[in-house]
Amino acid sequence: MDQQTTNTVEEPLDLIRLSLDERIYVKMRNDRELRGRLHAYDQHLNMILGDVEETVTTIEIDEETYEEIYKSTKRNIPMLFVRGDGVVLVAPPLRVG
Amino acid sequence: MSLRKQTPSDFLKQIIGRPVVVKLNSGVDYRGVLACLDGYMNIALEQTEEYVNGQLKNKYGDAFIRGNNGRPR
């Protein structure tokens with residue numbers, strides 16, 4: 001694939017570079033979300049995140065009422081390597097409203 | 001839209017700046033303005049809204065989508 005030099009149109013990865021050392025929100029496969037500080041990334045979207053909160057969301061279906069029960073499990077991790085093939089989306093942290 | 005033959009990179013230059021819908025293999029839709037994309041189909045969107053069945057989350061500013069997620073397995 002052609003690599004673009006820095007004096008042409010920026011790639012999406014160049015714009016991620018602007019988020020370095022900022023807090024970001026990462027949506028991953030398997031209904032996982034991460035919120036942490038972006039220390040490093042590469043073209044595969046492998047990332048080093050610091051001070052991370054991981055949220056795993058599961059949906060349970062009640063056998064009798066068939067209602068969907070959303071459950072989320074959170075854990076905190078001081079420093080984390082994220083393998084890029086699990087990443088779906090990267091954005092600044094969500095703002096409410 | 002012209003019907004003449006164009007290379008994929010010409011097409012990619014044409015659609016930058018337009019509102020688009022990005023459908024992922026997970027069934028989630030992202031609607032926003034296409035800021036840029038690259039040859040791996042990594043995408044940067046502005047003013048993005050995320051739709052799963054109904055509307056779930058609003059993302060303002062830039063949202064980056066990894067290029068491999070556009071096709072169901």
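For clarity, every value in this text was computed on a predicted model and none was experimentally measured. Order of the sequence lines sets the chain letters (A, B, ...), proteins ahead of strands, with each chain counted from 1.
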Report summary line: Counting heavy-atom pairs under 4.5 Å with chain B, the top scorer among A/Ile16, A/Leu45, A/Leu18 is A/Ile16
same_hphob_cluster([X], [Y]) at 4.5 Å side-chain heavy-atom cutoff:
{"X": "A/Val90", "Y": "B/Tyr30", "result": "no"}
{"X": "B/Ile16", "Y": "B/Val20", "result": "yes"}
{"X": "A/Tyr25", "Y": "A/Ile77", "result": "no"}
{"X": "A/Val56", "Y": "A/Val87", "result": "no"}
{"X": "B/Met41", "Y": "B/Ile15", "result": "no"}

Would you name the heavy atoms of [X] and [Y] that are closest together and state the gap between them?
{"X": "A/Pro12", "Y": "B/Ala44", "result": "CG-N, 3.9 Å"}
{"X": "B/Ala63", "Y": "A/Ala91", "result": "CA-CB, 4.3 Å"}
{"X": "B/Asn69", "Y": "A/Val88", "result": "ND2-CA, 3.5 Å"}

Could you measure the distance from the [atom1] atom of [X] to the [atom2] atom of [Y]? Nearest 0.5 Å is fine.
{"X": "A/Glu11", "Y": "B/Tyr40", "atom1": "CD", "atom2": "OH", "answer": "9.0 Å"}
{"X": "B/Arg66", "Y": "A/Met28", "atom1": "CZ", "atom2": "CE", "answer": "9.5 Å"}
{"X": "B/Phe64", "Y": "A/Leu89", "atom1": "CZ", "atom2": "CG", "answer": "9.5 Å"}

Query - Test side chain to side chain contact (heavy atoms under 4.5 Å, CB included) applied to A/Asp85 and B/Asn68, step by step - result: CA-CA 8 Å; A/Asp85 61 4; B/Asn68 66 311; 5.5 Å; no
Report summary line: Cut-off 4.5 Å, heavy atoms of chain A, and the answer for B/Ile65 is both
Requested in this report: Please say whether more than 12 non-hydrogen atoms of neighbouring residues, nucleotides or ligands are located less than 6.0 Å from CD in B/Gln47.
Outcome: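 Open: at most 12 neighbouring heavy atoms sit under 6.0 Å from CD of B/Gln47.
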Requested in this report: Might you confirm whether atom CZ of A/Phe81 has over 12 heavy atoms from other residues, nucleotides or ligands at distances under 6.0 Å?
Outcome: yes
Query raised in the report: Going by heavy atoms in the side chains, are B/Cys36 and A/Leu15 under 4.5 Å from each other?
Result: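 The answer is yes, as the side chains (C-beta and beyond) meet within the 4.5 Å cut-off.
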Query raised in the report: For B/Ser26, does its backbone N or O pair with a side-chain atom of A/Arg29 as donor and acceptor, under 3.5 Å?
Result: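 Side chain of A/Arg29 to backbone of B/Ser26, a donor-acceptor pair under 3.5 Å: no, none is there.
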